[in-house]
Every structure is written in C-alpha cells, then in structure tokens.
Peer 1: 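Following this message is one structure expressed as structure tokens.
The figures here come from the full heavy-atom set of this structure, side chains too, leaving out hydrogens, waters and symmetry mates. The first residue of the sequence shown is numbered 1, and numbering continues consecutively from there. These numbers come from a predicted model, not from an experiment.
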Amino acid sequence: TLHARVYLKYGDNKMPTDSTLYDEVTNTMVEPGFGPHAHFTYLKEGTYYIYSQAGAYTADTVVYIDTASAESINVIMNLQ
C-alpha cells in the first residue's frame, strides 16, 4: 500500500512557493474497506489547492467547496 502526504492550501489555485505556506498537512491512512485516504475537517467555503506526494509520485488538483458541498466532499487523486 502506498502512503502519501497530502497538503492543503486555502484560497489559492496554485502551489505555494514554500511548503511551510500550506494551511494543513496530513498523512494518508488506511481504514478497513478503504484504500489510502486523508481526512480534512472544518473546511470553509472557498477554493483549495490540494497536493499529494508519495516518494517520486505526485498529484495535484483545485477544488471549490460551496455551502452545498461543505459537509462532505470526496476528491480522488491518482499519483503518477
């Protein structure tokens, strides 16, 4: 199982110039019945840049959370 580190930046649509500028960072976890995933809670409405890295494999995406999706949203990232 591949474990990754997931970085979250609020209010941006591109990678920060420095890794210390991310708002939240967590490691993926594996729970029964699920592959590697990460949880972020108490996200507010707005744009988020999400970056994930596992060794030489990376992925990134931008999501917008609105009031309709604020309670729960799933983002799938395929590391390449």
Side-chain angles (χ1 to χ4, degrees):
T1 302
L2 185 65
H3 292 280
R5 194 142 172 91
V6 182
Y7 301 83
L8 188 75
K9 176 65 178 160
Y10 173 71
D12 213 334
N13 62 1
K14 61 186 180 313
M15 181 183 285
T17 56
D18 186 311
S19 63
T20 63
L21 298 175
Y22 283 97
D23 297 309
E24 293 191 48
V25 179
T26 190
N27 293 317
T28 58
M29 65 187 83
V30 177
E31 295 174 312
F34 297 94
H37 63 281
H39 295 272
F40 292 98
T41 56
Y42 305 108
L43 300 179
K44 54 188 173 185
E45 185 175 345
T47 302
Y48 290 85
Y49 173 80
I50 305 171
Y51 174 76
S52 183
Q53 181 177 17
Y57 300 100
T58 63
D60 67 341
T61 193
V62 175
V63 297
Y64 179 78
I65 296 176
D66 59 19
T67 53
S69 64
E71 188 169 321
S72 180
I73 186 170
N74 293 316
V75 177
I76 298 172
M77 300 175 71
N78 293 312
L79 300 174
Q80 298 182 22

Peer 1: Between atom CG of Asp66 and atom OG1 of Thr47, what is the distance when rounded to the nearest 0.5 Å?
Peer 2: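 Rounded to the nearest 0.5 Å, the CG-OG1 separation comes to 10.5 Å.
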Peer 1: What closest approach, in Å, do Glu45 and Thr67 show between heavy atoms, and which atom pair accounts for it?
Peer 2: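 Closest heavy-atom pair between Glu45 and Thr67: OE1-CG2, 3.1 Å.
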Peer 1: Is there side-chain contact between His3 and Val30, with heavy atoms separated by less than 4.5 Å?
Peer 2: yes
Peer 1: Look at the aromatic rings of Tyr51 and Tyr22 and report parallel, tilted or perpendicular, splitting at 30° and 60°.
Peer 2: parallel
Peer 1: Is the shortest heavy-atom distance from the side chain of Phe40 to the side chain of Val6 under 4.5 Å?
Peer 2: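 They are in contact (side-chain heavy atoms under 4.5 Å apart), so the answer is yes.
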Peer 1: Is Val62 reachable from Met15 through a run of I, L, V, M, F, W or Y residues, each pair having side-chain heavy atoms under 4.5 Å apart?
Peer 2: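 Cluster IDs for Met15 and Val62 match.
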Peer 1: Within a strict 4.5 Å, meaning less than it, do heavy atoms of the Asn27 and Arg5 side chains meet?
Peer 2: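 When only atoms from C-beta onward are counted, Arg5 and Asn27 do touch, with a gap below 4.5 Å.
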Peer 1: Within the distance-only criterion (no hydrogens, no angle test), does the side chain of Thr28 pair as donor or acceptor with the backbone N or O of Ala4 below 3.5 angstrom?
Peer 2: yes
Peer 1: Hey, are the side chains of Asp23 and Leu8 touching, using non-hydrogen atoms and a 4.5 Å cut-off?
Peer 2: no
Peer 1: What distance separates Ile50 CD1 from Asp12 CG, expressed to the nearest 0.5 Å?
Peer 2: 12.5 Å
Peer 1: Under 4.5 Å side-chain heavy-atom separation, chaining through any Ile, Leu, Val, Met, Phe, Trp or Tyr, what else clusters with Met29? Say none if it is isolated.
Peer 2: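 Its cluster partners, ordered by chain and number, are none at all.
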Peer 1: To check you understand the geometry: which heavy-atom pair defines the closest contact between Thr26 and Ala38, and what is its length?
Peer 2: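 Where Thr26 meets Ala38 most closely, the heavy atoms are CG2-CB, 3.7 Å.
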Peer 1: Could you pull out the closest heavy-atom pair between Thr58 and Gln53, with the gap in Å?
Peer 2: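 Minimum heavy-atom separation between Thr58 and Gln53: CG2-CG, 4.0 Å.
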Peer 1: Could you tell me which non-hydrogen atom of Ile65 sits nearest to which non-hydrogen atom of Leu43, and how far apart they are?
Peer 2: CD1-CD1, 3.7 Å
Peer 1: Go through the steps for Tyr7 and Glu24 under the test side-chain hydrogen bond (donor to acceptor under 3.5 Å, both in side chains), then give the verdict.
Peer 2: CA-CA 6 Å; Tyr7 301 83; Glu24 293 191 48; over 6 Å; no
Peer 1: Rounded to the nearest 0.5 Å, how far does OH of Tyr49 lie from NZ of Lys14?
Peer 2: 10.5 Å
